[in-house]
2 protein chains.
Amino acid sequence: MSDMNVTIYDIAKKCHVSIATVSRVLNGNSRVSEKTRRIVLDAIKDMGYTPNPFARGLGLDSMKIVGVLCTSLTDAFFARAVSLIEDGMRQHHFDIMLSCTGPNTGHNSPYITGLVNKHVDGLITVGTVFSSEPDIAALTAAAGKIPVLTINCDYHQPGIYSIVCNEAEGMRRLVHTLARQHCRHIAYLYDVRTYSGRHKLQGLRQGLKELGIKENPALIQQVSLNLEGAEKAIENLVSRNVPFDAIVTSEDILAVGAQRAALENGRYVPVIGWNNSILATCATPTLSSIDNRLDSLCASAVQSMTQLLSGQDQPVPVRTEFSAILVERESFQTKKE
Amino acid sequence: MSDMNVTIYDIAKKCHVSIATVSRVLNGNSRVSEKTRRIVLDAIKDMGYTPNPFARGLGLDSMKIVGVLCTSLTDAFFARAVSLIEDGMRQHHFDIMLSCTGPNTGHNSPYITGLVNKHVDGLITVGTVFSSEPDIAALTAAAGKIPVLTINCDYHQPGIYSIVCNEAEGMRRLVHTLARQHCRHIAYLYDVRTYSGRHKLQGLRQGLKELGIKENPALIQQVSLNLEGAEKAIENLVSRNVPFDAIVTSEDILAVGAQRAALENGRYVPVIGWNNSILATCATPTLSSIDNRLDSLCASAVQSMTQLLSGQDQPVPVRTEFSAILVERESFQTKKE
DNA sequence: TTGTACGCGTTATCAC
DNA sequence: GTGATAACGCGTACAA
């Protein structure tokens, strides 16, 4: 009922027991007589007592918080990831401390150390948050103290658990699928050379190679991550008379722009985006997209993290891999006017 | 250089000073001789000392963390909000503890108390996270202990600071603007009766009333928050021969679906979405949208929060209001085939 | 089953 | 300018 920071001592005094007993009923590990347990429990409810988390943290060296690092929540993909992680960890009674680094400048180690210095219980990174040597070193150092777990990035560092989607393989298969539709001149628009970006490109080249198709550098373009970037790139191809019979992009947003530009120029080719986000369904025609299994990645991350933090050292896989899948929509079929 | 939780005592010992001196150097408030300051600072760097945040928290009753509550990050609007808040608070050296409640069930008070029990320094809510009596009571209770600040929701409770966009007025003006374009049969699709939703509806009615237009209930439809919901609603209007000459929606995603359905049925009417999100630019034609000034709202929230937490009690406005603005795009002009 | 006393690492308040 | 030392609130050996 009352307020003003009631402590375990207040409860103890009111119940005529020691703080040890109160602590015992709270943490329920040791035996307490049913009678005193009831008394204490009632007093706790009466006085509105809640344990001070700092004092608790000081003793246990844990406040049941895991840090989540990503570049930006403005990207729907990362936002969804954080949302899934937050929800999952919460079900295991962990809170989330969020840290968005902004564009990966190569000087993001302060974000790591910031969280580590706050003594979070674990760290989950989403996407390519770190790429420079010192940043990765900082992450490795963090892994020496607490569980560190990365989603969609593979640092190959000791102690860092990685959970990835095999996007290279997804791209390779996509290239083969397109080839069966007689598409051999695939335009590929990508935004930036992240871990994920590198692998997509690698998969593309692998696929082309297997099919005996010579890579045309003009078809592979790095563009800025917005509609205009993709539009310009496609218009550029058209104006330069570079032939293309399919478009693949590293992000759905680029597919939206690319498809728009292609249609405006009378090019009715399949367009395939990436991430299978809401944008893919918002475009007209609706866009096919590669689903990189974010839900599975996050669920796996949550499970691994909780196991690592559970104390009981059940074995946790150092690397977990999922397969990308193609989600076909209207934009997949070759269109005629 | 070394590791294993070096404490202030270790630094003190190494420097042959007391922990008080080390503390003083760290917090830089009291005077310390330049000589010992250097020695201590060097030792701190050498031994890689960082203050234990729990012990610090115990003493100061603060870990410089503010809690952020929203329903879901899957909504791009909320994701952007959280991102902006996170960035802003970080610049003031505050971390963010994130808590997503999921759909507003009216039983979300545990999310408030969870954060309060972790002794966060302040609370920011985004959108209509709480609506039931007990939930609002819990929030009010929280406001008795720490600064509580709401974005786009107005609880009218003592101690709760609200920062809102006047969406009712934005809608009212939009109705007038449409009327000038000779649109008098405005279809309005909305998803749910949040604070924001109520005010949009209210603005719509106000505008119609001022223009002497009788409200047609068939034109105002509650739909589920996805493309299909909006599409069905428009198709329904078409099949029932309900005349409409403009479409306004409570969310951009609904505008995307509505526009698509309208175009497929040969109805070339202005479509105006809400939130001015990326979806508005992804649609074809691009959608006009009401910008509810999220950036300003969040910036204001950050500023108010930091002022409230700064200790110096500068006056902070209990209510801050911004005006919505119409962003016109292709979908605004009435189209002909 | 219960109570005592100490440790956790800081900050803050005194003295000197 | 600097050094003891008392909070801060909790968990938990150890003792009873």
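Within every chain, numbering begins at 1; the chains are lettered A, B, ... in the order of the sequence lines, protein sequences first and strands thereafter.
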key: Overall bend - the helix from C:dT1-D:dA16 to C:dC16-D:dG1, comparing terminal axes fitted on five pairs, nearest 10 degrees   = 40°
message = Tell me every residue that passes side chain to side chain contact (heavy atoms under 4.5 Å, CB included) with B:Glu321, counting only those two or more places apart in sequence or in another chain.
response = B:Val164, B:Asn166, B:Arg319
query = Are any non-hydrogen side-chain atoms of A:Ile124 and A:Met305 less than 4.5 angstrom apart?
reply = yes
query = ring pair (Phe, Tyr, Trp, His ring centres under 6.0 Å): which pairs involve residues 29-62 of chain A, sequence neighbours left out?
reply = A:Phe54-B:His119
key: B:Val66: which of B:Ile146, B:Val302, B:Leu309 passes side chain to side chain contact (heavy atoms under 4.5 Å, CB included)   = B:Leu309
ask   = Heavy-atom distance under 4.5 Å between the side chains of B:Arg56 and B:Ser62, does that happen here?
value = no
key: Atom CD of B:Glu133 with >12 non-hydrogen neighbours under 6.0 angstrom   = no
task = Tell me yes or no: between the side chains of A:Ser162 and A:Asp154, is some donor less than 3.5 Å from an acceptor?
result = yes
A:Arg293: partners by salt bridge (Lys or Arg N to Asp or Glu O under 4.0 Å), with sequence neighbours left out = none
message = How many whole angstroms separate atom NZ of B:Lys13 from atom P of D:dG3?
response = 15 Å
task = Check every nucleotide of DNA chain C for an atom under 4.0 Å from a heavy-atom of chain B, then give the first and the last such nucleotide from 5' to 3'.
result = C:dG9 to C:dA12
ask   = Without hydrogens or angle criteria, can the side chains of B:Asn104 and B:Thr71 be said to hold a donor-acceptor pair below 3.5 Å?
value = no
key: Under 4.0 Å protein heavy-atom contact, by nucleotide of nucleotides 5-16 of chain D - B base, S sugar-phosphate only   = B--BBBBB----
